[in-house]
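Naming convention: chains lettered A, B, ... in sequence-line order (proteins, then strands); numbering from 1 in each chain.
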Amino acid sequence: MYFSKLFVPTVKEDPSDAELISHKLMVRSGMIKKTAAGIYSWLPLGLKVLKKVEEIVRKNLNNFDAEEILMPMVQPAELWKESGRYGEYGKELLKFDDRSNRGFVLGPTHEEIICEIFRSHPKSYKDLPVNLYQIQTKFRDEIRPRFGVMRSREFLMKDAYSFDIDEKGLVKSYGKMKDAYISIFDEIGLDYRIVKADSGNIGGDISEEFHILADSGEDLIAVSDSSDYAANVEVLSYDKDPSELEGKKSPDGKGKLKIKRGIEVGHIFQLGQKYSQAMNVGVKDMDGNSIHPFMGCYGIGVSRIVAAAIEQNHDDRGIQWPDKITPFGVNIICLDPESDEIMKVCSEIYSILQKSGFDPLLDDRDIRAGIKFKEHELLGIPYSIIIGPNNFKNTKLEFGIRAQNEKIDIKLDDIKKYLGEKYD
RNA sequence: CGGGGCAUAGCGCAGUCUGGUAGCGCACCUGGUUUGGGACCAGGUGGUCGCAGGUUCAAAUCCUGCUGCCCCGACCA
């Protein structure tokens with residue numbers, strides 16, 4: 001993409017209504033625009049990142065045998081009354097009537113719908129396990145939305161639901177999803193922990209959360225300093241002061257606990273039969289008896305991951321995107337777009353990189369060099385190739401690495417090789 | 001929902017206490033000089049001062065009500 005054709009409304013000053021660094025940077029880099037409290041529009045740059053995260057999630061789930069579907073955001077109140085959550089879920093559930101006064105809700109989660117879909121097609125144990133997921137906009141009327149897309153009312157979520165004939169199958173499906181999550185978060189490239197969690201209002205027995213570590217995280221998690229043990233302090237401290245946990249022996253017997261802050265970006269649950277019972281979902285077992293299948297549900301906050309990635313990867317100049325979710329792979333900064341010969345080299349490099357799949361951006365705008373450098377740092381594209389009159393004469397270029405704020409001279413012919421190494 | 005704060009040009013703000021014809025910076029447009037780190041000079045565009053009522057000769061400013069937004073708390077996949 002040529003920068004001159006992009007709609008990226010950058011802003012020099014921090015927005016007055018943002019507190020968190022990721023929120024400030026997302027607004028300043030023109031990724032998002034607030035439409036109402038906790039409700040955001042995604043602009044081209046932000047949407048590109050969101051789509052990349054979404055695609056990593058989709059690809060890995062497909063690899064682990066989950067099937068994608070798309071359920072409605074508007075759901076009949078009837079189904080929520082049937083599960084008992086219509087009254088129970090609380091004010092987060094946005095309720096409204098259609099023109100004929102039929103009650104509806106805006107879906108904050110989809111257990112009711114998935115059960116309704118599943119039960120309307122008679123199944124036997126032979127058809128299980130089934131694992132269905134969707135990536136969809138959710139709405140939760142949060143008491144207090146805050147921090148930009150980190151805790152918004154409308155947000156993009158991946159939610160998956162598994163059905164098994166028995167507990168043993170559920171444990172297996174759950175384990176498989178956990179493995180899928182591990183490959184997702186490994187691929188995205190953020191520092192995260194899997195923590196034991198309180199299953200909260202969704203219900204069920206066993207649940208684990210995936211947390212991206214960041215000082216601004218809203219959750220406190222206790223991690224062992226010498227094993228991979230980690231737990232949300234909610235499940236450890238009861239009424240005690242979380243700081244008392246610091247330095248205590250880890251419950252798994254290995255090492256001592258340290259308190260860290262995390263951003264919850266994934267949550268996996270073994271629901272058991274809670275919803276299949278409430279929603280009267282039946283499956284025939286080997287003896288021909290109808291039983292309620294064992295369900296699991298698995299969420300990932302796709303839009304929240306974008307904000308969390310910035311919380312974990314920024315400096316005082318702007319964002320530093322991880323390679324896998326950057327809006328552009330490399331920024332070719334042309335310092336003299338008026339010069340035909342310099343632009344020619346730039347566009348040649350551009351098309352080579354594009355063909356090689358590096359998703360290049362070419363800053364061809366006729367503006368001062370300083371602005372291009374500042375905006376490049378703000379936008380956080382991991383690599384830059386700087387081509388201007390000075391280095392052009394020597395048939396040399398500068399290669400910039402955003403994470404290190406460092407530039408090195410390289411030969412034109414070596415660019416592809418250098419980027420190739422970086423990407424592999 | 002309790003406590004606190006804010007609302008004036010696209011963005012960030014001053015002006016409000018003490019009422020008197022709305023201002024600054026950035027951005028944007030013109031021209032010129034510049035041109036490897038958010039340039040400079042000159043000129044210019046842009047506002048029913050959140051909304052509705054009230055007080056007054058006169059309201060951004062005082063009074064009443066409402067709405068929106070932010071922060072702290074409770075709550076939360």
Please table the atom pairs, donor to acceptor, closer than 3.5 Å between any side-chain atom in residues 338-349 of chain A and protein atoms at least two apart or in another chain.
from	atom 1	to	atom 2	distance (Å)
A/Ser339	OG	A/Ile342	N	3.1
A/Ser347	OG	A/Met343	O	3.0
A/Ser347	OG	A/Lys344	O	3.1

Cation-aromatic face contact A/Lys178/A/Tyr181, 6.0 Å, 45 degrees: no
Please give me every residue in residues 169-192 of chain A whose heavy atoms get under 4.0 Å of an atom in RNA chain B, ordered by residue number. none
Looking at A/Lys12, does any N or O in its side chain come under 4.0 Å of the phosphate oxygens OP1/OP2 on B/rA27? yes
Counting side-chain heavy atoms from CB outward, which of B/rG38, B/rC69, B/rG36 is closest to A/Arg28? B/rG38
Please list, pair by pair, any protein nitrogen or oxygen found under 3.5 Å from a nitrogen or oxygen in nucleotides 9-14 of chain B.
from	atom 1	to	atom 2	distance (Å)
B/rG12	OP1	A/Ser16	N	3.4
B/rG12	OP1	A/Ser16	OG	3.0

Closest-nucleotide 5' rank along RNA chain B - winner of A/Pro145 and A/Arg304: A/Pro145
Would you please name every residue forming a side-chain hydrogen bond (donor to acceptor under 3.5 Å, both in side chains) with A/Asp65, sequence neighbours left out? A/Lys176
Considering every strand shown, what is the Watson-Crick or G-U wobble mate of B/rC17 when both distances are under 3.5 Å? none
So, for A/Tyr350 and A/Tyr2, is the gap between ring centers shorter than 6.0 Å? yes
Both distances below 3.5 Å, Watson-Crick or wobble geometry, any strand: find the nucleotide opposite B/rA39. B/rU33
Which of these passes side-chain contact (heavy atoms from CB on, under 4.5 Å) with A/Leu361: A/Val8, A/Leu353, A/Leu6, A/Ile333? A/Leu6
My understanding is that only residues two or more places apart in sequence, or in another chain, count here; which of them pass salt bridge (charged side-chain N to carboxylate O under 4.0 Å, His left out) with A/Asp336? none
B/rA59 to B/rA22 separation - C1' atoms, rounded to the nearest Å: 13 Å
Any-strand Watson-Crick or G-U partner of B/rG2, both distances under 3.5 Å: B/rC72
B/rC72 and B/rA9, which share atom name P, separated by this distance in whole Å: 26 Å
List every contact pair, protein side and nucleotides 72-75 of chain B side both N or O, where the distance is under 3.5 Å.
from	atom 1	to	atom 2	distance (Å)
B/rC72	OP2	A/Arg144	NH1	3.1
B/rC72	OP2	A/Arg144	NH2	2.6
B/rC75	N4	A/Arg146	NH2	3.2

Can you sort out the partners of A/Lys59 under side-chain hydrogen bond (donor to acceptor under 3.5 Å, both in side chains), two or more places apart, ordered by chain and number? A/Glu187
Do the charged groups of A/Lys138 and A/Asp159 touch, with an N to O distance under 4.0 Å? yes
C1'-based separation of B/rC13 from B/rG3 [nearest Å]: 27 Å
Protein-nucleotide distance (A/Asp336, atom CG; B/rU34, atom C1'), rounded to Å: 14 Å
Among all residues two or more places apart in sequence or in another chain, which pass the side chain to side chain contact (heavy atoms under 4.5 Å, CB included) test with A/Glu55? A/Arg58
Same-atom distance (C1') from B/rG53 to B/rU48, integer angstrom: 16 Å
Residue mapping more 5' on RNA chain B - nearest nucleotide basis, A/Met150 or A/Glu398: A/Glu398
Which heavy atom of A/Val281 sits nearest to which heavy atom of A/Pro293, and what is that distance? O-CD, 3.3 Å
If you measure from the C1' atom in B/rA42 to the same atom in B/rG37, how many Å do you get, rounded? 26 Å
Restricting to salt bridge (charged side-chain N to carboxylate O under 4.0 Å, His left out), what partner residues turn up for A/Asp141, sequence neighbours left out? A/Arg153
Watson-Crick or G-U counterpart of B/rA60, or none if no pair lies under 3.5 Å: none
Can you confirm whether more than 12 heavy atoms, excluding those of A/Lys33, are under 6.0 Å from its NZ atom? no
Quickly work out the A/Glu375 CD to B/rA39 P distance and round it to whole Å. 11 Å
Which part of the nucleic acid does A/Gly388 contact within heavy-atom distance under 4.0 Å: base, sugar-phosphate only, or nothing? base
May I ask you to decide whether A/Glu111 forms a salt bridge with A/Arg85, counting only side-chain N to carboxylate O separations under 4.0 Å? yes
Qualifying residues under side chain to side chain contact (heavy atoms under 4.5 Å, CB included), relative to A/Asp98, sequence neighbours excluded: A/Ser100, A/Arg102, A/Phe104
Between B/rU21 and B/rG15, how far is it from one C1' atom to the other, in whole Å? 15 Å
Taking pairing as Watson-Crick or G-U wobble with both contacts under 3.5 Å, can you name the mate of B/rC28, or confirm there isn't one? B/rG44
Can you check the distance between B/rG19 and B/rC57, where both ends of the measurement are the C1' atom (answer in whole Å)? 12 Å
Tell me whether the NZ or CZ atom of A/Lys407 lies within the 45° cone about the ring axis of A/Phe399 and under 6.0 Å from its centre. no
At a heavy-atom distance below 4.0 Å, what parts of residues 309-321 of chain A sit against RNA chain B? none
Can you tell me the pairing partner of B/rU67 across any strand shown, Watson-Crick or G-U wobble, with both distances under 3.5 angstrom? B/rA7
Please determine, for the side chain of A/Asn390, which listed nucleotide (B/rG36, B/rC69, B/rG37) has the closest atom? B/rG36
Compare the minimum distances between each of B/rC1, B/rG36, B/rC69 and the side chain of A/Lys91, then state the nucleotide with the smallest one. B/rC1
Please measure how far the P atom in B/rG50 lies from the corresponding atom in B/rA14, and state the result in whole Å. 14 Å
So, with a heavy-atom separation below 4.0 Å from RNA chain B, the residues of residues 365-373 of chain A are A/Arg368, A/Ala369, A/Gly370, A/Ile371, A/Phe373
